[in-house]
Amino acid sequence: MAEQVRAIRTRQTILLAAATIFEEHGYQAATISQILAAAGVTKGALYFHFQSKEDLAQGVIAEQELRFSVPPRPSKVQEIVDVVMLHAHRLQTDPMVRAGVRLSMDQLAEGLDRSGPFLRWGEVGLDLLQQAQAQGELMPHVSPSETADVIVGSFAGIQSMSQAVSDYRDLVGRVSALMRHVLPSAVVPSVLASLDLSEGRGAAVFAEALKAVDALEAAG
């Protein structure tokens with residue numbers, strides 16, 4: 001058990017170091033030597049967990065989707081908002097998430113499959129929008145798959161703009177504005193009026209999700 005715990009900690013140390021290097025230098029310029037130096041581990045320890053720089057980058061990309069999730073909501077449109085706002089909050093506060101997003105958006109990352117996060121976020125959005133449609137939360141003309149793609153693509157553009165302009169400091173405001181502009185074209189007015197689209201929503205959802213994780217860990 002102690003060896004397993006050490007292995008988990010070593011893997012996380014390597015991922016955190018890789019996230020720092022990838023965010024600072026980008027995928028193409030980052031080197032295994034830089035990651036080893038930042039992590040303070042041996043080459044053997046790194047290659048025990050990750051077979052290559054690409055494998056390591058995929059680990060960082062995947063890490064942004066782990067640990068925190070939005071609890072189910074009665075309104076599936078509110079749940080979509082909460083997923084988006086939580087991700088925006090984590091982009092502002094979590095270096096691992098920032099590095100994963102930078103890798104996903106890095107068009108110079110030759111040989112790195114960057115499609116995974118976009119496809120997975122699209123699947124999450126589609127599932128929630130289909131549930132929202134079944135509950136009568138969407139207007140009759142709405143295509144859940146099309147709307148999911150619009151939300152994911154728009155968020156990608158908004159976060160990229162925020163990173164360039166303010167290093168994510170204005171991200172939650174921009175994402176709140178995005179939701180206020182996109183949702184009226186898809187959501188029935190009665191549901192739209194009930195939504196919490198405030199800039200503080202992401203931080204509140206994060207606190208809720210963190211409490212749920214702590215409760216699970218205490219129970220385990």
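Position 1 is the first residue of the sequence, and the numbers go up from there.
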- Query: Quick one: are Phe48 and Thr10 in side-chain contact, heavy atoms under 4.5 Å?
  - Reply: no
- CG/Leu91 to OH/Tyr168 distance, rounded to the nearest 0.5 angstrom? 5.0 Å
- Which pair of non-hydrogen atoms, one from Ile61 and one from Ser104, has the smallest distance, and what is that distance? CG2-OG, 4.0 Å
- Note on the structure: Scanning both residues in full, the closest heavy-atom pair of Val188 with Met139 reads CG1-N, 3.9 Å
- What pair of heavy atoms forms the shortest contact from Ala19 to Ala99, and how long is it? O-CB, 3.2 Å
- Note on the structure: Tested for side chain to side chain contact (heavy atoms under 4.5 Å, CB included) against Leu128, the lone hit among Glu123, Glu79, Glu137 is Glu79
- Query: Would Leu129 and Lys76 count as a side-chain contact (heavy atoms from CB on, under 4.5 Å) if you check the C-alpha gap in whole Å, the side-chain angles of each, and the deciding distance to 0.1 Å?
  - Reply: CA-CA 7 Å; Leu129 284 164; Lys76 293 304 163 183; over 6 Å; no
- Task: Under the side-chain contact (heavy atoms from CB on, under 4.5 Å) rule, what do Arg114 and Leu103 come out as? Steps first, then yes or no, please.
- Result: CA-CA 7 Å; Arg114 301 180 293 113; Leu103 287 167; over 6 Å; no
- Message: When you compare the side chains of Arg180 and Ser176, does any donor N or O come within less than 3.5 Å of an acceptor on the partner?
- Response: yes
- Task: Taking the side chain as every heavy atom from C-beta outward, state whether Val124 and Asp127 have any pair of such atoms under 4.5 Å apart.
- Result: no
- Message: As an exercise, state the distance from OG of Ser166 to CZ of Arg174, rounded to the nearest 0.5 Å.
- Response: 6.0 Å
- Is Tyr47 reachable from Leu36 through a run of hydrophobic residues whose side-chain heavy atoms are each under 4.5 Å from the next? yes
- Would you confirm whether Ser185, through its side chain, and Val182, through its main-chain N or O, come within 3.5 Å as a donor-acceptor pair? yes
- Message: Are the side chains of Val97 and His87 in contact, using a 4.5 Å heavy-atom criterion?
- Response: yes
- Task: Report the C-alpha separation of Val83 and Trp121 in whole Å, then their side-chain angles, then the decisive distance to 0.1 Å, and conclude whether the side-chain contact (heavy atoms from CB on, under 4.5 Å) test is met.
- Result: CA-CA 10 Å; Val83 167; Trp121 286 121; 3.6 Å; yes
- Message: Membership question, hydrophobic clusters at under 4.5 Å side-chain separation (ILVMFWY): are Val165 and Ile158 in the same one?
- Response: no
- Message: Do Leu16 and Pro95 make a side-chain contact, defined as non-hydrogen atoms from C-beta onward lying under 4.5 Å apart?
- Response: no
- Message: Looking at every non-hydrogen atom in both residues, tell me the closest pair between Val142 and Gln133 and how far apart they are.
- Response: O-NE2, 3.2 Å
- Task: Determine the minimum heavy-atom distance between Val70 and Arg73, stating which atoms define it.
- Result: CG1-NE, 3.9 Å
- Task: Can you measure from OH (Tyr27) to CG (Leu112) and round to the nearest 0.5 angstrom?
- Result: 5.0 Å
- Task: Please report the closest heavy-atom contact between Val60 and Phe22, naming both atoms and the distance.
- Result: CG2-CD1, 4.2 Å
- Could you tell me whether the side chain of Met85 reaches within less than 4.5 Å of the side chain of Leu197, counting heavy atoms only? no
- Message: Assess the residue pair Gln163 and Ser160 against the criterion (side-chain contact (heavy atoms from CB on, under 4.5 Å)); give the C-alpha distance rounded to whole Å, side-chain angles, the decisive distance to 0.1 Å, and a yes or no.
- Response: CA-CA 5 Å; Gln163 191 276 330; Ser160 184; 5.8 Å; no
- Item | Check: Gln51 main-chain N/O paired with Asp55 side-chain donor or acceptor under 3.5 Å | yes
- Query: Is Met179 reachable from Leu192 through a run of hydrophobic residues whose side-chain heavy atoms are each under 4.5 Å from the next?
  - Reply: yes
- Query: Is it true that the side chains of Thr31 and Ser33 contain a donor and an acceptor less than 3.5 Å apart?
  - Reply: no
- Note on the structure: Rounded to the nearest 0.5 Å, the OG1 atom of Thr93 sits from the CZ atom of Arg98 at a distance of 7.5 Å
- Query: Hey, are the side chains of Met105 and Gln159 touching, using non-hydrogen atoms and a 4.5 Å cut-off?
  - Reply: yes
- Is any side-chain heavy atom of Gln58 less than 4.5 Å from a side-chain heavy atom of Glu63? no
- Item | Carboxylate-amine/guanidinium contact Glu23 Arg102, below 4.0 Å | no
- Item | Other residues, nucleotides, ligands: >12 heavy atoms within 6.0 Å of Gln135 CD | yes
- Message: For the NE2 atom on His141, are there more than 12 heavy atoms of other groups (residues, nucleotides or ligands in this structure) within a distance under 6.0 Å?
- Response: yes
- Under 4.5 Å between side-chain heavy atoms, hopping through other hydrophobics if needed: is there a path connecting Met161 to Phe155? no
- Message: Could you measure the distance from the CG atom of Leu138 to the CG atom of Leu183? Nearest 0.5 Å is fine.
- Response: 9.5 Å
- Query: Is Asp82 close to Asp196 at the side-chain level, that is, under 4.5 Å between some pair of heavy atoms?
  - Reply: no
- Message: Once rounded to the nearest 0.5 Å, what's the spacing between atom OG1 of Thr147 and atom CD1 of Ile80?
- Response: 8.5 Å
